[in-house]
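Residue numbering restarts at 1 for every chain, and letters A, B, ... go by the order of the sequence lines.
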Amino acid sequence: MIEFVRNARLWFAPEEVRQDGSTPDYRFSLANERTFLAWLRTALALIGGGFAVDQFLPDLRWGWRIGLALALLAVGVLCSLRAINHWVRCERAMRRGEDLPTSRFPALLSLVVAFVAVAMVVVVLAGWAG
Amino acid sequence: MGATSGVAGAGGDGAGGDGAGAAAAVRDPGLQPERTRLAWRRTTLSSTVAAVLAVKAALHGGVSTAGAVVCGLCCALWLGFLLVAQFRIHCLARTVTPPALAPRLATAAVLCTAGVAVCAVALVV
């Protein structure tokens with residue numbers, strides 16, 4: 001968490017990132033940028049899913065609907081913040097010639113998405129039966 | 001600068017046959033700048049979908065003042081993202097070996113995304 005706050009300063013400070021180490025092959029930076037954009041798209045998809053749950057499941061009970069929508073939106077925000085944090089960490093590691101940072105986030109995200117999907121199935125089946 | 005061969009995704013048939021000067025010789029056969037430009041385009045498209053869903057949610061069931069404000073905010077955030085993408089695409093197109101993404105641009109893109117989510121929370125609750 002402290003690491004995250006320390007990195008957050010770098011989000012706004014291009015000079016500081018550039019002072020570190022040496023500039024890597026531009027293709028590596030572009031690949032890192034595309035990974036960042038892919039995570040951003042994932043975040044946007046989760047946010048869109050939050051809207052969709054709220055808009056297109058009007059028959060759902062209020063608590064479930066709001067709960068699922070807020071969960072998807074929260075994960076979307078988390079995903080976008082993590083996207084830039086990971087991008088900064090990768091950029092810095094490449095400049096310093098270190099190994100790329102490892103992350104538990106993909107595993108965590110897939111578990112959350114699986115949980116939400118199972119919850120949706122249960123909710124739809126329950127609505128069907130009742 | 002840094003034009004080592006055999007880096008990820010360089011493919012096999014990079015040589016081409018036209019030999020159109022030094023710029024073409026340095027040009028990356030893996031089309032990294034082009035792929036990055038398309039990635040920005042895809043992300044802008046995703047952002048458009050999110051914005052459209054936001055506008056639909058805001059204007060669902062009649063127009064209220066709060067709904068109109070959130071609707072305008074979402075449109076502004078979408079426009080912000082579009083401008084960031086457009087600026088970056090211009091940077092990519094200007095030189096053969098484009099500079100790395102500036103952290104400020106990345107932060108702006110993330111803030112636009114997170115802003116839409118905050119609007120969504122306001123709409124949902």
Taking heavy atoms only and a threshold strictly under 4.5 Å, list by residue number the residues of residues 115-125 of chain B that touch chain A; give 'none' if the list is empty.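 Only B/Val116, B/Ala117, B/Ala120, B/Val121, B/Leu123, B/Val124, B/Val125 of residues 115-125 of chain B have a heavy atom under 4.5 Å from chain A.
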
Chain A contacts: which residues in residues 65-82 of chain B have a non-hydrogen atom closer than 4.5 Å to it?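 B/Phe81, listed by number.
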
Measuring from [X]:[atom1] to [Y]:[atom2], what's the distance to the nearest 0.5 Å?
| X | Y | atom1 | atom2 | result |
| --- | --- | --- | --- | --- |
| B/Arg35 | A/Glu33 | CZ | CD | 12.5 Å |
| B/Arg42 | A/Leu44 | CZ | CG | 13.0 Å |
| A/Gln55 | B/His60 | CD | NE2 | 5.5 Å |
| A/Asp25 | B/Gln32 | CG | CD | 8.5 Å |
| A/Tyr26 | B/Thr36 | OH | OG1 | 9.5 Å |

Pick one of side chain, backbone, both or neither for [X], based on which atoms fall under 4.5 Å of a heavy atom in chain A.
| X | result |
| --- | --- |
| B/Arg88 | side chain |
| B/Leu92 | side chain |
| B/Ala54 | both |

Closest non-hydrogen atom pair between [X] and [Y], with its separation:
| X | Y | answer |
| --- | --- | --- |
| A/Glu91 | B/Ala100 | OE2-CB, 3.5 Å |
| B/Thr113 | A/Ser80 | CG2-CB, 4.2 Å |
| A/Leu40 | B/Ala109 | CD2-CB, 3.9 Å |
| B/Pro98 | A/Leu30 | CG-CD1, 4.0 Å |
| B/Leu53 | A/Phe51 | CB-CB, 3.9 Å |

Any chain of hydrophobic side-chain contacts (each under 4.5 Å) joining B/Val49 to A/Leu73?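 Shared cluster, yes.
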
Cluster question for you: counting only ILVMFWY and a side-chain heavy-atom cut-off of under 4.5 Å, with indirect links fine, are A/Trp39 and B/Leu38 together?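 Result: no, two separate clusters.
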
Given heavy-atom pairs under 4.5 angstrom as the criterion, report whether the side chain, backbone, both or neither of [X] touches chain B.
| X | value |
| --- | --- |
| A/Ile47 | side chain |
| A/Leu37 | both |
| A/Ala69 | side chain |

Under the side-chain contact (heavy atoms from CB on, under 4.5 Å) criterion, do A/Arg34 and B/Trp40 qualify, and how do the steps go? CA-CA 8 Å; A/Arg34 287 198 298 277; B/Trp40 274 104; over 6 Å; no

Take A/Arg41 and B/Thr43, measure what side-chain hydrogen bond (donor to acceptor under 3.5 Å, both in side chains) needs, and give me the verdict at the end. CA-CA 6 Å; A/Arg41 281 198 295 281; B/Thr43 313; 2.9 Å; yes

Could you go step by step and tell me if B/Lys56 and A/Phe56 meet the side-chain contact (heavy atoms from CB on, under 4.5 Å) rule? CA-CA 11 Å; B/Lys56 187 190 179 298; A/Phe56 301 119; 3.9 Å; yes

